[in-house]
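The structure appears right after this line, and notes come after that.
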Amino acid sequence: MKRDLLTCDALSASEVQTLMTRAAHYKANGLKGNFPGLLQGAPVGLFFEKQSTRTRASFSAAIGLLGGHEIFMPPETLQIKRGEPIADTARVFSGYFRAMVIRTFEQERLIEWARHATIPVINALSDLCHPCQAFTDLFTIFERHGKFQGLKLAYLGDGNNMAHSLMEAGAIVGMNVTIATPVGAKPNSDWHKKVQAIANKTNAKIVLTDDPKSAATNADILYTDVWVSMGEVGDKVSVVGKMKKLDFAPYQINDAIVACAKPDAMVMHCLPAHRDEEITAKVMDAHASTIFEQAKNRLPVQQAILEWALQT
Ligand code: CP
Ligand code: NVA
């Protein structure tokens with residue numbers, strides 16, 4: 001059966017552990033290509049309906065290092081833009097590519113791609129979740145701590161795609177995750193139920209709160225993301241963006257929040273960052289080595305994800 005990565009729970013806990021080992025292997029190899037490698041010259045399709053710096057570039061590089069090549073299709077160039085169904089496009093692309101990497105809006109679009117493609121479909125971010133980033137974050141945490149159980153990750157900010165994938169990834173590996181958001185920006189409640197069901201099996205504590213200080217207290221990892229995500233478009237950005245900035249101010253990662261966490265706490269950000277909004281420039285500078293290592297880790301983790309997806 002083909003392997004789609006639409007949400008983190010496509011992988012079992014032991015598959016996530018293997019992903020960590022394989023990412024470490026690829027990281028140790030650096031930029032040494034592996035030819036003909038896993039992909040043996042085969043093309044992989046990239047279709048991104050939103051901007052991307054890290055995800056697109058790291059997938060393109062990963063595909064090259066695995067001996068394949070990427071075909072990048074800007075959304076305005078495809079017939080989808082003129083109404084051709086995803087179902088037909090997915091069927092056609094299944095004849096051209098070994099896998100598809102897709103960044104889009106509604107999760108339902110990804111589900112539609114996966115349903116009609118006979119090749120693996122990898123979620124490169126949707127409005128709902130960002131599994132590839134969350135797996136990189138697990139890898140970055142594992143590099144530092146060598147374990148997940150007993151750790152507390154505190155995410156402060158918007159209950160968005162990143163918050164969703166971090167709580168899901170934490171639940172799978174048994175890491176405690178607290179999500180602190182304004183009341184109006186909580187994670188999706190159906191998603192929370194799904195994650196809690198996973199956590200019940202692994203004993204991970206998943207906590208949702210509107211209290212940023214209690215969330216940060218004794219955290220091993222502090223994490224944040226932008227307050228306004230891609231897809232919150234047009235007038236909504238300026239109006240909601242302003243409202244969000246007001247609502248979100250107590251959730252900024254700053255010296256006071258860092259002081260609540262453990263003294264050696266990691267500070268993480270998926271990037272892009274807005275300095276002095278969700279994180280102060282000072283905290284960002286002090287933790288730049290972690291945050292940019294996290295960004296660097298996208299490459300070996302994408303290689304490991306492609307390897308997982310291409311297993312038959
Ligand atoms: N973190 C992340 O996914 O970055 P991009 O939007 O640049 O891909
Ligand atoms: N929540 C952000 C993540 C960017 C990587 C967004 O969706 O824009």
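Any value given below was found using the heavy atoms of this structure, including those in side chains, with hydrogens, waters and symmetry copies removed. Both counts, for ligands and for their atoms, begin at 1 and track the order of listing. Just so you know, these numbers come straight off a predicted model, no measurement behind them.
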Neighbouring residues of ligand 1, heavy-atom cut-off under 4.0 Å | S52, T53, R54, T55, R103, H130, Q133, C270, L271, R298
Is a donor on one side and an acceptor on the other found under 3.5 Å between the side chain of H164 and the backbone of C129?
-> no
W308 versus E15, side-chain donor and acceptor atoms under 3.5 Å | yes
A199: what forms a side chain to side chain contact (heavy atoms under 4.5 Å, CB included) with it, not counting sequence neighbours?
-> A171, Q196, A204, I206
Side chains of residues 262-275: which donor-acceptor partners sit under 3.5 Å, not counting sequence neighbours?
unit_1 : atom_1 : unit_2 : atom_2 : d
K262   : NZ     : D220   : OD1    : 2.9
H269   : ND1    : L271   : N      : 2.8
H269   : NE2    : E278   : OE2    : 2.7

For ligand 2, find out whether one of its N or O atoms is nearer than 3.5 Å to an N or O atom of S229.
-> yes
So, Q252 side chain and E277 main chain: donor-acceptor pair closer than 3.5 Å or not?
-> yes
Nearest non-hydrogen protein atom, atom 3 (C) of ligand 2 = D225 OD2, 3.6 Å
When you measure from atom 7 (O) of ligand 2 to every protein heavy atom, which one gives the shortest distance, and what is it?
-> N161 ND2, 2.8 Å
If hydrogens are left out, which of V226, L128, L125 has an atom nearest to atom 4 (C) of ligand 2, that is, the closest non-hydrogen atom?
-> L125
Which ligand 2 atoms are under 4.0 Å away from a heavy-atom of L271?
-> 5 (C)
Tell me, with the steps shown, if K213 and D211 meet salt bridge (Lys or Arg N to Asp or Glu O under 4.0 Å).
-> CA-CA 6 Å; K213 286 206 163 138; D211 181 348; over 6 Å; no
Looking at atom 8 (O) of ligand 2, what's its closest protein heavy atom, distance included?
-> M230 N, 2.8 Å
Closest heavy-atom contact between A163 and I179?
-> O-CD1, 3.8 Å
Salt bridge (Lys or Arg N to Asp or Glu O under 4.0 Å) pairs touching residues 181-191, sequence neighbours excluded, are D190-K193
Residues A309 and R3: closest non-hydrogen pair is O-CB, 3.7 Å
Out of curiosity, is D127 lining ligand 2, as in a heavy atom under 4.0 Å away?
-> no
For R103, is at least one N or O under 3.5 Å away from an N or O on ligand 2?
-> no
Please determine if R109 and E112 form a salt bridge, counting it only when a charged side-chain N lies under 4.0 Å from a carboxylate O.
-> no
